[in-house]
Amino acid sequence: MKTLIAGVVAALVVAGAAAAGPVTLKANPVDSDGRVTLGDLFEGAGAASSVVVGTRAGPSIVFEAGQLQSLARQSGLDWANPTGLRRVVVRNAASAPNAATPAPASPAPGAAVPVAAARPAPVRAALAERVIARNDMVEVAYEVGGVRLTITGRAEGNAAAGQRVAVRNLQSGRAIDAVAVGPGLAVAGPAAQQARATPQFAAR
């Protein structure tokens, strides 16, 4: 009897794995109502698109990649994480920096087409480079002597990778002087100096 039960369980596991459909993570996952679904995260989620996997309380929410794979698998989706991401950030669609904008209307036949004046781009460039926005929830890592500690707090300003940002520890109320290294990620202590010199090093 035990052998029979074990065989049934194994068959169910294999069947579940075979039924999992491959999906692709969206390049800029966003949600519009605070309820993050598999459809907000993945292309090709199909019938599982409406499955809620998290609730965004602030401007963004951060998922661990392994956690996201498990949640997707429970709903019959297979995300292979081919680029080896560690975390996935989902932002509010209304404040996402690269939200789609409508294309301008085509001019009528024969109408003169005005030459677009050159526009300064520093503000747009700064938005494109920003990895942490004010009030984002940020995970701060502190590593020294082989010991790594992490806390989660709220950003008190905007920062691009390699820039300093103050993060308020919600438990102690103290502000931590950190350096942004990726979406929702920052480092403090000795690693912060290296991050300011090479801002891309810890976002991997």
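The figures here come from the full heavy-atom set of this structure, side chains too, leaving out hydrogens, waters and symmetry mates. If you read the sequence from its start, that first residue is 1, and numbering goes on from there.
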Closest non-hydrogen atom pair, [X] against [Y]:
{"X": "Ala159", "Y": "Ala180", "result": "CB-CB, 3.9 Å"}
{"X": "Gly153", "Y": "Leu170", "result": "CA-CG, 4.3 Å"}
{"X": "Ile132", "Y": "Gly182", "result": "CG1-O, 3.9 Å"}
{"X": "Val89", "Y": "Gly184", "result": "CG2-N, 4.5 Å"}
{"X": "Ala45", "Y": "Ser49", "result": "CB-OG, 3.4 Å"}

Side-chain touch [X]/[Y], heavy atoms, less than 4.5 angstrom:
{"X": "Phe63", "Y": "Val90", "result": "yes"}
{"X": "Asp40", "Y": "Pro29", "result": "no"}
{"X": "Val138", "Y": "Val140", "result": "yes"}
{"X": "Arg91", "Y": "Pro183", "result": "yes"}
{"X": "Ile151", "Y": "Ile176", "result": "yes"}
{"X": "Glu156", "Y": "Val167", "result": "no"}
{"X": "Pro59", "Y": "Asp136", "result": "yes"}

[X] with [Y], same ILVMFWY side-chain cluster at under 4.5 Å:
{"X": "Val23", "Y": "Leu25", "answer": "yes"}
{"X": "Leu77", "Y": "Val52", "answer": "no"}
{"X": "Met137", "Y": "Ile61", "answer": "no"}
{"X": "Val53", "Y": "Val88", "answer": "yes"}
{"X": "Leu38", "Y": "Val36", "answer": "yes"}

Nearest 0.5 Å please: distance from the [atom1] atom of [X] over to the [atom2] atom of [Y].
{"X": "Asn135", "Y": "Arg168", "atom1": "CG", "atom2": "CZ", "value": "12.0 Å"}
{"X": "Asn81", "Y": "Thr24", "atom1": "CG", "atom2": "OG1", "value": "11.5 Å"}
{"X": "Asn169", "Y": "Arg174", "atom1": "CG", "atom2": "CZ", "value": "8.5 Å"}
{"X": "Thr55", "Y": "Arg35", "atom1": "OG1", "atom2": "CZ", "value": "7.5 Å"}

Note to self: If hydrophobic residues (ILVMFWY) are linked whenever their side-chain heavy atoms come closer than 4.5 Å, directly or via other members, who joins Leu149 in its cluster?
What the structure shows: Val147
Check: What residues form a salt bridge (Lys or Arg N to Asp or Glu O under 4.0 Å) with Arg87, not counting sequence neighbours?
Finding: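 Salt bridge (Lys or Arg N to Asp or Glu O under 4.0 Å) list for Arg87, sorted by chain: Glu64, Glu139.
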Notebook entry, point to check: Does the pair Tyr142 and Val187 meet the rule for a side chain to side chain contact (heavy atoms under 4.5 Å, CB included), with working shown?
Noted result: CA-CA 6 Å; Tyr142 182 91; Val187 293; over 6 Å; no
Margin query: Under a 4.0 Å threshold between the charged nitrogen and the carboxylate oxygen, would Arg73 count as salt-bridged to Asp78?
Written below: no
Check: Given the rule in the side chain to side chain contact (heavy atoms under 4.5 Å, CB included) test, do Asn28 and Val30 qualify, once you have shown the distances and angles that lead to the verdict?
Finding: CA-CA 6 Å; Asn28 181 39; Val30 296; 3.9 Å; yes
Item checked: Donor-acceptor contact below 3.5 Å, side chain Gln69 vs main chain Trp79 -> yes
Item checked: Any donor-acceptor pair under 3.5 Å from Gln74 side chain to Leu71 backbone ->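 No, the answer is negative, given that no donor and acceptor are paired below the 3.5 Å cut-off.
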Next item on the list: Decide salt bridge (Lys or Arg N to Asp or Glu O under 4.0 Å) for Arg56 and Asp31; before the verdict, give the C-alpha distance in whole Å, the side-chain angles of both, and the deciding distance to 0.1 Å.
Entry: CA-CA 9 Å; Arg56 176 181 51 76; Asp31 78 278; 2.7 Å; yes
